[in-house]
Amino acid sequence: MTPDERLAQLEGGNSPQIIAKLKSGFAVMADTQFLRGYCLLLAFPKVGQLNELEGEARAEFLSDMAKLGDAVQQATGAVRINYSIYGNLDPFLHAHVFPRFVDEDPVHRTAPPFLYPPSIREDPALGFDESEHGELRDQIRELLIGLG
C-alpha cells in the first residue's frame, strides 16, 4: 500500500490499525507486531520530512510522537521506547515508536529494532490482528486521550 493510499484509508476511518487522529497525524499500530505495541505516527497532511515543518507544526509532531511513546510504554510495560524517523523507503514523514522489553533475546535487546532479522520483523504470524492486538490498541488510545 502506498503512503497516499494508507493516509486515505486512515482519513476515511477504514483501518483497524488506527489508534487515534492526533494534531499532527495518525497514530497507528504497525503492520507487524514483532515488538508488542510497535506503533507509528504518520504525518497528516502528508509532508516529505521533518525539516519541511516549521514552528508549531514541527513541535506538534514531535510532541505527538513523545505522547504516543508515553502511551505505548504505559500500555506495554516496556522498559524503554526507541524512536526512529527515516523516510528512506516511504519518503514521507512518519515516526516509528518501538517498545523495548527486558525479556527480548539478548542478541537483539540493545540493537536498533530494524536489525532484527527479516524472518522475525516480517513474520506474517506477527502481523497486526484485531483479535490479538485490538485490546492493546484500545488501551494505547485511552492512554493517549488521557495525555491530552
Original post:
What is the distance from atom CG of Leu126 to atom CD of Glu132, rounded to the nearest 0.5 Å?
Top reply: 8.0 Å

**OP:** Calculate, to the nearest 0.5 Å, the distance between atoms CZ and CZ belonging to Arg36 and Phe101 respectively.
**Re:** 5.5 Å

**OP:** Please report the shortest heavy-atom distance between Pro99 and Ala78, naming the atom on each side.
**Re:** CB-CB, 3.7 Å

Subject >> Minimum side-chain heavy-atom gap Leu68-Ile140 below 4.5 Å >> reply: yes

Subject >> Gap between atom CG of Leu42 and atom CG of Asp90 - 0.5 Å precision >> reply: 9.5 Å

Subject >> Main-chain N/O of Phe34 paired with Arg121 side-chain donor or acceptor, under 3.5 Å >> reply: no

**OP:** Please confirm whether the backbone N or O of Tyr38 pairs with a side-chain atom of Gln33, one donor and one acceptor, at under 3.5 Å?
**Re:** yes

Original post:
Does the Ser63 side chain pair with the main chain of Ala59, one donor and one acceptor, at a distance under 3.5 Å?
Top reply: no

Original post:
Where do Gly127 and His133 come nearest, in terms of heavy atoms and distance?
Top reply: O-CE1, 3.3 Å

Original post:
Are any of the side-chain nitrogens in Lys67 or Asp70 under 4.0 Å away from the carboxylate oxygens of its partner?
Top reply: no

Original post:
For the hydrophobic clusters of this structure (ILVMFWY residues joined by side-chain heavy atoms under 4.5 Å, transitively), does one cluster hold both Phe44 and Val47?
Top reply: no

**OP:** Mind telling me whether His108 and Tyr116 have parallel, tilted or perpendicular rings, with 30° and 60° as the class edges?
**Re:** parallel

Subject >> Within 6.0 angstrom of Glu130 CD, more than 12 heavy atoms from elsewhere >> reply: yes

Subject >> Non-hydrogen atoms of Ala75 and Leu136 that approach each other most closely >> reply: CB-CD1, 3.8 Å

**OP:** Might you work through the side chain to side chain contact (heavy atoms under 4.5 Å, CB included) test for Leu93 and Glu52, ending with a clear yes or no?
**Re:** CA-CA 9 Å; Leu93 178 58; Glu52 293 175 18; over 6 Å; no

Subject >> Side-chain (Arg58) to main-chain (Leu53) donor-acceptor, under 3.5 angstrom >> reply: yes

Subject >> Donor-acceptor contact present, side-chain His94 to main-chain Phe92, <3.5 Å >> reply: yes

Original post:
Under 3.5 Å, side chain of Asp64 to main-chain N/O of Ser24, donor-acceptor pair present?
Top reply: yes

Subject >> Where Tyr83 and Ala66 come nearest, the two heavy atoms and their spacing >> reply: OH-O, 3.9 Å

Original post:
So, do Asn82 and Pro113 sit near enough that their side-chain heavy atoms are less than 4.5 Å apart?
Top reply: yes

Original post:
Under the 3.5 angstrom rule, does the side chain of Arg100 hit a backbone N or O of Val79 as a donor-acceptor pair?
Top reply: no

Original post:
Checking Gln74 side chain against Ala71 main chain: does a donor-acceptor pair fall under 3.5 Å?
Top reply: no

Original post:
Once you round to the nearest 0.5 Å, how far does CZ of Phe61 lie from CG of Leu41?
Top reply: 4.0 Å

Original post:
Is any side-chain heavy atom of Thr76 closer than 4.5 Å to a side-chain heavy atom of Leu35?
Top reply: no

Original post:
Under a 4.5 Å side-chain heavy-atom rule over Ile, Leu, Val, Met, Phe, Trp and Tyr, are Val97 and Val28 clustered together?
Top reply: no

Original post:
Crowded around Glu5 CD? As in, over 12 foreign heavy atoms under 6.0 Å?
Top reply: yes

**OP:** Give a yes or no on whether Arg109 atom CZ has more than 12 heavy-atom contacts from other residues, nucleotides or ligands under 6.0 Å away.
**Re:** yes

Subject >> Contact summary for Lys23 and Glu60, nearest pair of heavy atoms >> reply: CD-OE2, 3.5 Å

Subject >> Nearest non-hydrogen partners of Ala27 and Leu22, listed with the distance >> reply: CB-CD1, 4.0 Å

Subject >> Minimum side-chain heavy-atom gap Phe128-Thr32 below 4.5 Å >> reply: no

Subject >> Exam field: side chain Arg137 to backbone Ile19, donor-acceptor pair closer than 3.5 Å >> reply: no

**OP:** Under the side chain to side chain contact (heavy atoms under 4.5 Å, CB included) rule, what do Arg6 and Phe26 come out as? Steps first, then yes or no, please.
**Re:** CA-CA 10 Å; Arg6 183 170 304 269; Phe26 293 101; over 6 Å; no

**OP:** Identify whether Val72 and Ile85 are in the same connected component of the hydrophobic contact network (ILVMFWY, side-chain heavy atoms under 4.5 Å).
**Re:** yes

Original post:
What about Leu143 and Met65, same hydrophobic cluster or not, with Ile/Leu/Val/Met/Phe/Trp/Tyr joined at side-chain heavy-atom distances under 4.5 Å?
Top reply: no

